[in-house]
Amino acid sequence: MNVFKFYARLRHTSLISPVAHATCKDRWRWSVLRSCRTSLVLLAVALALTACGRIWNRPPPEGESVALKPTELTTTWTDADGGTLTLKPDGTFTANNVCGDWMGASDWNWTEPRSGSGTWKDESSKTGTAVWRSFDAKGPKGDEVGDVLSALRHGKTLMLWTRVGDEDNDDPHCILTRDL
């Protein structure tokens with residue numbers, strides 16, 4: 001005999017007391033309330049995570065990390081909007097409307113293209129190269145203006161890139177390229 005039919009028949013007989021029947025109903029109600037409460041807590045956690053931004057950052061551009069020699073870096077690099085960065089062998093650079101994520105020590109930043117001159121240095125390891133650039137002109141509060149670019153190779157193209165803006169947003173990366 002089906003368990004549910006058996007329970008239904010018992011419910012209508014005197015074998016199950018009204019108190020026991022009420023207790024079963026209360027247990028069922030409490031289990032429904034608990035599952036609703038759990039669902040609301042999970043929904044609140046999901047909304048909180050969404051409000052704080054994405055759980056992951058936008059991935060870097062396609063390519064493999066590469067270690068570059070200073071002679072491979074000293075050339076003119078171009079971004080997608082035609083901005084240029086010319087790295088010179090003496091450790092200086094000139095920039096013409098070049099992209100970047102310009103950070104200052106007093107916790108300000110802006111992502112607009114920048115022109116000017118400054119100094120650069122590279123830090124290379126077996127796994128890759130980082131180019132540190134610092135503009136001669138100071139920021140609005142008199143602090144250094146600069147950023148760090150990482151080197152990648154994608155096919156026959158070399159890239160220097162950095163994240164732009166808030167890492168949780170879909171801001172485009174700053175990607176400077178040169179062909180081999």
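The figures here come from the full heavy-atom set of this structure, side chains too, leaving out hydrogens, waters and symmetry mates.
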Single-linkage hydrophobic cluster, 4.5 Å side-chain cutoff, [X] and [Y] together:
{"X": "V66", "Y": "L85", "value": "yes"}
{"X": "F93", "Y": "L158", "value": "yes"}
{"X": "W120", "Y": "W161", "value": "no"}

What I'd like to find out is whether the side chain of [X] reaches to under 4.5 Å of the side chain of [Y], using heavy atoms alone.
{"X": "T94", "Y": "K88", "result": "yes"}
{"X": "C99", "Y": "L176", "result": "yes"}
{"X": "V131", "Y": "L73", "result": "yes"}
{"X": "V145", "Y": "S134", "result": "no"}

Test side chain to side chain contact (heavy atoms under 4.5 Å, CB included) applied to L149 and I175, T162, T129, the passing residue |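 Answer to the side chain to side chain contact (heavy atoms under 4.5 Å, CB included) test with L149 among I175, T162, T129: T162.
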Please name the pair of heavy atoms, one in [X] and one in [Y], separated by the smallest distance, quoted to 0.1 Å.
{"X": "D122", "Y": "L68", "answer": "OD2-O, 4.3 Å"}
{"X": "C174", "Y": "G100", "answer": "SG-N, 3.6 Å"}
{"X": "V98", "Y": "T84", "answer": "CB-O, 3.6 Å"}
{"X": "T177", "Y": "M159", "answer": "CG2-CG, 3.8 Å"}
{"X": "A95", "Y": "R114", "answer": "CB-O, 3.9 Å"}
{"X": "G128", "Y": "S65", "answer": "CA-OG, 3.6 Å"}

To the nearest 0.5 Å, tell me how far [X] [atom1] sits from [Y] [atom2].
{"X": "L160", "Y": "D79", "atom1": "CG", "atom2": "CG", "result": "11.5 Å"}
{"X": "K121", "Y": "L87", "atom1": "NZ", "atom2": "CG", "result": "14.5 Å"}
{"X": "H154", "Y": "E62", "atom1": "NE2", "atom2": "CD", "result": "4.5 Å"}
{"X": "S117", "Y": "R133", "atom1": "OG", "atom2": "CZ", "result": "13.0 Å"}

With sequence neighbours left out, the residues meeting side-chain contact (heavy atoms from CB on, under 4.5 Å) with N97 are P113, S115
Is the Lys NZ or Arg CZ of R178 less than 6.0 Å from the centre of W77's six-membered ring, within 45° of the axis?
->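 Cation-pi check for R178 and W77: passes.
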